[in-house]
Amino acid sequence: MYIEFDGQQLAVGTDVPEMREFLADAYSAMLVPVQREGVGRLEFVRRGSGFEVRGGRERELAAPLRFLFESIRAEVLYCFITARRDLMWMHAGAAERAGRAVIFAGPSGNGKSTMVTLLCELGWRFLSDDIAPIRMNADEVLPFPESPRRRIHPGEVFPPERLALLDRESVVIEAELIREEAAPIGGIVFPVFRGGATAGLERVTAGEAALKLIRDCTNFADHKAAAVARAAALAQTIPVYELTYSSGRDAQALLNSRL
């Protein structure tokens, strides 16, 4: 199958029916019938009791298949990031309304996927779940609409090493709510889950925002000083907020009314 991002296609193959089913579901909005401008080939094949990755980072995956889905997504993403080093790839989700995108950035476990998918329930359009590719020469985010999978949060703060143990649920986004074109960035939000907190949205200073954006740039090494300059420019020209919340529904209502 061929997964397309920004007009370029990654060929992905597997001899494992369950893995093919997962890939078809995870990239349903990004699949195209042919490869016109290829960026490489990635294969997942059985090897003994585990799996071998050919292409990408060329490694073996030893866990049972049901525990490897996030690793598979990471391999696909790695191939696109490597092929498109011209972009600034942020650890973030993004949704758009009225022609402007809001990016939700930050470490795992704070609710990026939750915020994006809850806003899509209210008619916002889906751009991405966990990665936001930003042009280095424009305040613009490109769509990377892999199917969102959000953690089922237990309602309490979890240490990072336990986040991977939380179950995830797939969220279906209707086709008409998936944006296919790049969108100008209208705001950046850093969600922070705090048990018992009332939902609140506060502006972040430009300096603090720039530091957070640099922290969440997954390919900082590709740009270095240019990434610092880009993060500073974004922080100075785009409104940046910190969202504290304990209830996803309360945060949904707040974001929908304020942004």
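Source: prediction; values computed, not measured. As a basis for the values below, the full set of heavy atoms in this structure was taken, side chains included, without hydrogen atoms, waters or symmetry mates.
- Here Arg20 does not pair with Glu18 in a salt bridge; the nearest charged N to carboxylate O distance is not below 4.0 Å.
- The environment of CZ in Arg47 is sparse: at most 12 heavy-atom neighbours from other residues, nucleotides or ligands sit within 6.0 Å.
- Residues Met30 and Pro145 meet the side-chain proximity criterion, which asks for heavy atoms closer than 4.5 Å.
- Inter-residue side-chain proximity for Leu119 and Phe104 is flagged as met; some heavy-atom pair is nearer than 4.5 Å.
- Ring planes of Phe80 and Phe5: perpendicular class, angle over 60° (limits at 30 and 60°).
- Val32 and Leu10 fall into different hydrophobic clusters, defined by Ile, Leu, Val, Met, Phe, Trp and Tyr side-chain heavy atoms under 4.5 Å apart, directly or through other members.
- Test Glu4, Glu37, Gln35 against Gln9 for side chain to side chain donor-acceptor pair (under 3.5 Å) and you get one pass: Glu4.
- Transitive grouping of hydrophobic side chains (ILVMFWY, heavy atoms separated by less than 4.5 Å) brings Val76 and Ile81 into a common cluster.
- Under a 3.5 Å cut-off, the side chain of His223 and the backbone N or O of Met136 do not form any donor-acceptor pair.
- Side-chain atoms of Glu52 and Arg59, non-hydrogen and from C-beta on, never get closer than 4.5 Å to each other.
- Without hydrogens or angle criteria, Arg179 side chain to Glu181 main chain gives a donor-acceptor distance under 3.5 Å.
- Residues that satisfy the side chain to side chain contact (heavy atoms under 4.5 Å, CB included) test with Ala206, not counting sequence neighbours, are Ala235, Gln236.
- Under the 4.5 Å side-chain contact rule for hydrophobic residues, Val45 and Leu42 do not share a cluster.
- Atom CD of Glu58 has more than 12 neighbouring heavy atoms from other residues, nucleotides or ligands inside a 6.0 Å radius.
- When all heavy atoms are compared, the tightest approach of Ile134 to Ala138 is CG2-O, 4.2 Å.
- The two residues Ser246 and Ala197 make their nearest non-hydrogen contact at OG-O, 2.7 Å.
- A pairwise comparison of heavy atoms in Ala182 and Arg135 identifies CB-NH2, 4.3 Å as the closest pair.
- To the nearest 0.5 Å, atom CD of residue Glu174 and atom CG of residue Leu177 are 7.0 Å apart.
- Asp139 has a carboxylate O that lies under 4.0 Å from a charged side-chain N of Arg230, or vice versa, which qualifies the two as a salt bridge.
- Shown here are the side chain to side chain contact (heavy atoms under 4.5 Å, CB included) partners of Pro17, two or more places apart in sequence or in another chain: there are none.
- The side chain to side chain donor-acceptor pair (under 3.5 Å) contacts involving residues 204-214 comprise nothing, where partners must be two or more places apart or lie in separate chains.
- By the 4.5 Å heavy-atom criterion applied to side chains, Glu43 and Val53 are not counted as neighbours.
- A 6.0 Å sphere centred on CD of Glu180 holds no more than 12 heavy atoms belonging to other residues, nucleotides or ligands.
- Partners of Phe44 according to the ring-ring contact (aromatic ring centres under 6.0 Å, His included) rule, which considers only residues two or more places apart in sequence or in another chain, do not exist here.
- Between Phe22 atom CZ and Thr14 atom OG1 the span is 11.5 Å, to the nearest 0.5 Å.
- Counting heavy atoms from C-beta on, the side chains of Tyr245 and Asp250 never come closer than 4.5 Å.
- In this structure, the side chains of Ile185 and Glu140 stay at 4.5 Å or more apart for every pair of heavy atoms.
- Under the 3.5 Å distance criterion, the side-chain polar atoms of Ser147 are matched with a main-chain donor or acceptor of Ala26.
- The CD atom of Glu146 sits 6.0 Å away from atom CG of Asp129, with the distance rounded to the nearest 0.5 Å.
- Of all the heavy atoms in Asp130 and Lys112, the pair that sits closest is OD1-CE, 3.6 Å.
- Residues passing the side chain to side chain contact (heavy atoms under 4.5 Å, CB included) test with Cys217, sequence neighbours excluded: Met88, Met90, Asn219, Phe220.
- Contacts of Val192 classified as side chain to side chain contact (heavy atoms under 4.5 Å, CB included), with partners at least two apart in sequence or in another chain: Asn110, Arg194, Glu242, Thr244.
- Residues Ala63 and Leu68 share a closest heavy-atom pair of O-CD1, 3.2 Å.
- Leu259 and Phe126 fall within the same hydrophobic cluster, defined by Ile, Leu, Val, Met, Phe, Trp and Tyr side-chain heavy atoms under 4.5 Å apart, directly or through other members.
- Listed for the Ser128 side chain is a donor-acceptor partner under 3.5 Å among the backbone atoms of Ala94.
- We find that Asp6 and Arg84 are joined by a salt bridge, their nearest charged nitrogen and carboxylate oxygen being less than 4.0 Å apart.
- Note that CD1 of Ile238 is 6.0 Å distant from CD1 of Ile188, once rounded to the nearest 0.5 Å.
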- request: Before giving the answer on side chain to side chain contact (heavy atoms under 4.5 Å, CB included), spell out for Ile72 and Leu65 the whole-Å C-alpha distance, their side-chain angles and the decisive distance to 0.1 Å.
  value: CA-CA 10 Å; Ile72 294 167; Leu65 183 58; 4.3 Å; yes
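- Here NE2 of His91 is found 7.5 Å from CG of Asp216. Values are rounded to the nearest 0.5 Å.
- Rounding to the nearest 0.5 Å gives a distance of 5.5 Å between CH2 of Trp89 and CZ of Phe144.
- Note on Glu75 versus Arg73: no salt bridge recorded, every NZ/NE/NH1/NH2 to OD/OE distance being 4.0 Å or above.
- Counting heavy atoms from C-beta outward, Asn256 and Trp124 have side chains that approach closer than 4.5 Å.
- In this structure, Arg46 and Phe51 have side chains that are in contact, with non-hydrogen atoms separated by less than 4.5 Å.
- Ala101 approaches Val141 most closely through the heavy-atom pair CB-CG1, 3.6 Å.
- Clustering ILVMFWY residues whenever any of their side-chain heavy atoms sit less than 4.5 angstrom apart, transitively, puts Phe190 in a cluster other than the one holding Leu201.
- Here the options are Val240, Leu243, Ile103, Val204, the test is side-chain contact (heavy atoms from CB on, under 4.5 Å), and the partner is Val189; only Leu243 passes.
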